[in-house]
Each structure stands twice: as structure tokens, then as C-alpha cells.
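Because the structure is predicted, anything quoted here is derived from the model rather than measured. Both ligands and their constituent atoms are indexed starting at 1 by order of listing.
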Amino acid sequence: AAKLSGRGRSVVFDPAMRAAAVERRRLEQELSEALAADQFRLVYQPVVDLADERVVGFEALLRWQSPTLGAVPPMTFVPVAEDLGLIGDIGAWVLREACRTAAQWRREPGSEDLTMAVNVSAVQLTSPDLIDHVRAALAASGLPATGLVLEVTETALVGNAERAAQSLSALRDLGVRLALDDFGTGYSSLGYLQQFTVDVLKIDRSFVATITGDDEMPPIVRGLIDLGRALDLEIVAEGVESEAQRARLQTGRCDRAQGYLFARPLEATDAELLLLGRFPGVPASELPRA
Ligand code: C2E
Ligand code: MG
Ligand code: MG
Ligand code: MG
């Protein structure tokens, strides 16, 4: 950002800052047209039960393909969409699309209890529209509320804790399940667990990455799992990339896992084939990348 050096003085841009500002302006312009132009899609990463490695759910992850900027990652455009006031409409679209897909996949034999996880940003969580969007997406798709998991980060709870708490309890009243995403990376994690009732704890992949080779379970991962169990939460490990990590987590009584070891986020058609056990003979770890 430009350094404002007091009233009446000029704002000084160096060339790099100017270039960054131009780029940001372009991103904003493109992003404000993206929803109407149908440039978003969802990809789906399987969540597996560590006991038997069955696919028990998916996490929907948003993708934006801009005709001029190419593929822009959500870490880049979600904060911009929040700043521009676009996240409400985009998030409503994500909810509708994810619920519609989940309801469809649940009609397959053996997939009746499939869950669909959807990420909800800080701005969404503190908006009074969220609950209406969730209700509408469930009603339109026929997905029961218990089939939907909303993932919030600790950081989303920080700014406006009171509003966030109201939203979360209204969502729980609907029957929707709540997950604390990237757990352990925000601050005051334990305080939030005390203050907000959630159903699922997702252990951030930075902790999972500390599980290496044949070592003992790293004490922090051990502690996170024990904490989750003590609170009777379902525990999901994120970013599982190695067989050693899978084995440790399984014997360490972690319930579920996601990660490149099992599958990368998949296009809807590929995710459905995987679910049906009909993905053409490729180990999950080599499935195409979405
Ligand atoms: P997240 O919810 O923590 O999602 C997990 C991220 O880790 C995803 O990145 C996923 O592709 C990546 N990932 C999964 N398994 C592995 C693995 O084994 N190794 C590694 N290195 N990475 C793995 P992605 O799709 O780029 O999403 C990034 C973040 O953007 C998400 O983090 C979430 O916070 C946000 N996001 C994604 N979709 C949405 C959305 O629809 N709405 C909102 N508000 N935020 C979203
Ligand atoms: Mg997530
Ligand atoms: Mg996460
Ligand atoms: Mg994460």
C-alpha cells in the first residue's frame, strides 16, 4: 500500500508498487465479471475414512479460470472478492453447486451418507445472508442439512466473534455440521474451541507435514488428536501426502484424511467415477490434477 505521509503531501509510488496496483485493478475488474461470465467451477477432493479408506465425503474447492489472467488460485482471489463485496454472491453459487452435486452423488448406492464440505470465509460468516443462502441451497438440492459441512477458520472468528457465534449457532440449528479448518494455525485456538461449538476439527497440513518416516507421532499432532477426541469431535487430517503419514494417523486414531496420497482435488466427473469405484484403473495418487 502507498505510504501516506500526512495531509497535503503526495503519495509516492515506486515502479513495483505501481505495477502491483495496476495488476490488482485488473484482477478486480476481471473478478467482478467472473460469476456472470460463468468462469467459476468447483473441484472436489475426497475425504477418506482412515479405518477402511472408503470415500466418505468431499471438500468442494473453488476454481476460477479467467480468460485473460488464466487460472487464479482461491488464496489470491477470495480476499479480493471479500474486499469488493462479491463473496456473498460467489459463496451462494458455491453452496448451490456443492449441495446440488452432493444430493446427486448421494443417490448412488452406498453413498447415502456422503458429506460435502464447503469453505466459508470471514466476511461470509459475519453476513446475515449466509443462513439464507445455506437454507436456499439445501431446499433447492434436497440435500439434508446433515450432509453439509461448513468449514470456517479460526481467523474468521477473530474479527467479529459475537456475530460469528450467532451465525454458527443458527447454522447448527439448521442441522448443518461445522468444521474448524486449518486448526492450530490461527491464534487462541483453544479459546475458540471453548467459545464456539463445532463438530469437526481439521488438522492443518503444516502439522501433518511434521509426520515423517518411522518417527514417533510428533507431540503436537498427538496433542491435537487427543484434544479433538476429548471434545468428542471428528478429526480430519489435511494434506496427507505419504504412506508413512497415513499409517501414523491411522494407528494414532485420527478419523479421516484428505490429501494428495488419496487424491488431488478432482473435476466433478472424475470425482463421481472415483466414488463409484469406476475410475479407470489409476491409483488415487496419480489421478489427474484439477
Ligand atoms: P483449505 O480449505 O484449507 O483447503 C485445502 C487446500 O489444500 C486446497 O487448496 C487443496 O487443494 C490443498 N491440498 C489438499 N491436499 C493437499 C496435499 O496433500 N498437499 C498440499 N500441499 N495441498 C493440499 P486450494 O484449493 O488452493 O484452496 C486454498 C484455500 O482457499 C482453501 O484452504 C480455502 O481456505 C480457500 N477456498 C477454496 N475454495 C473456497 C470457497 O469456495 N470459498 C471460500 N471462501 N474459500 C475457499
Ligand atoms: Mg477447507
Ligand atoms: Mg484447510
Ligand atoms: Mg489448510
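- The ligand atoms of ligand 1 that sit less than 4.0 angstrom from a heavy atom of Glu241 are 17 (C), 18 (O), 19 (N), 20 (C), 21 (N).
- Not a single N, O or S atom of Thr153, from either the backbone or the side chain, sits less than 2.8 Å from the Mg ion (ligand 2).
- Using a 4.0 Å cut-off between heavy atoms, Asp204 makes no contact with ligand 1 at all.
- For ligand 1, the atoms sitting less than 4.0 Å from at least one non-hydrogen atom of Ser121 are 44 (N), numbered in the order shown with element in parentheses.
- Between Gln124 and Asn119, the side chains place no donor N or O within less than 3.5 Å of an acceptor N or O (distance only, hydrogens not considered).
- Residue Glu112 places its CD atom among more than 12 non-hydrogen atoms of other residues, nucleotides or ligands, all under 6.0 Å distant.
- In the candidate list Leu61, Val152, Leu62, Leu61 is nearest to atom 10 (C) of ligand 1, counting heavy atoms.
- Of all non-hydrogen atoms in Ala81 and Leu31, the two that sit nearest each other are N-CD2, 3.6 Å.
- Every side chain to side chain contact (heavy atoms under 4.5 Å, CB included) that Ala165 has, sequence neighbours left out, goes to Phe196.
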task = Step by step, work out the side chain to side chain donor-acceptor pair (under 3.5 Å) result for Arg248 and Gln245.
result = CA-CA 5 Å; Arg248 266 306 153 277; Gln245 291 168 345; over 6 Å; no

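- Contacts of Arg63 with ligand 1, taken as heavy-atom pairs under 4.0 Å, involve the side chain alone.
- Contact annotation: the side chain of Ile87 approaches that of Val78 to within less than 4.5 Å [non-hydrogen atoms, C-beta and beyond].
- Ligand 1 has no N or O atom lying under 3.5 Å from any N or O atom of Pro74, backbone or side chain.
- At a heavy-atom distance under 4.0 Å, only side-chain atoms of Val94, from C-beta outward, approach ligand 1.
- A donor-acceptor contact closer than 3.5 angstrom is absent between the side chains of Arg26 and Gln29.
- The distance from ligand 1 to the heavy atoms of Gln45 drops below 4.0 Å at these ligand atoms: 14 (C), 15 (N).
- Here Leu180 contributes atom CG and Leu193 contributes atom CG; the two are 6.0 Å apart, rounded to the nearest 0.5 Å.
- The shortest N or O to N or O distance between Gln258 and ligand 1 is not below 3.5 Å.
- Residue Lys202 places every heavy atom at 4.0 Å or more from ligand 1.
- Using a 4.0 Å cut-off between charged nitrogen and carboxylate oxygen, Arg229 and Asp226 do not count as a salt-bridge pair.
- Side-chain atoms of Leu148 and Cys99, non-hydrogen and from C-beta on, do get closer than 4.5 Å to each other.
- Residue Thr197 holds its OG1 atom at 12.5 Å from CG of Leu171, rounded to the nearest 0.5 Å.
- The ligand atoms of ligand 1 that sit less than 4.0 angstrom from a heavy atom of Gly259 are 15 (N), 18 (O).
- Taking the Mg ion (ligand 2) as reference, the nearest N/O/S atom within Glu59 carries the name OE2.
- Judged by the shortest distance from any of its heavy atoms, Pro265 lies inside the 4.0 Å radius around the atoms of ligand 1.
- The atom of Glu238 nearest to the Mg ion (ligand 3) is OE2, with the search restricted to N, O or S atoms.
- Contact atoms of ligand 1 toward Gly239: 16 (C), 17 (C), 18 (O) (distance under 4.0 Å to a heavy atom of the residue).
- Taking the Mg ion (ligand 2) as reference, the nearest N/O/S atom within Asp181 carries the name OD2.
- For Asp182, the N, O or S atom with the smallest separation from the Mg ion (ligand 3) is OD1.
- Near Gln124, with a cut-off below 4.0 Å to any heavy atom, the atoms of ligand 1 are 44 (N).
- A salt bridge links Glu267 with Arg41: the closest approach of a Lys/Arg side-chain nitrogen to an acidic carboxylate oxygen falls below 4.0 angstrom.
- Only the side chain of Asp181 comes within 4.0 Å of ligand 1, counting heavy atoms alone; its backbone N, CA, C and O stay farther away.
- Counting the atoms of ligand 1 from 1 in the order shown, those under 4.0 Å from a heavy atom of Glu238 are 3 (O).
- Put simply, the side chain of Thr251 does not reach to within 4.5 Å of the side chain of Met217, judged on heavy atoms.
- When the N, O or S atoms of Glu151 are ranked by distance to the Mg ion (ligand 2), OE1 comes first.
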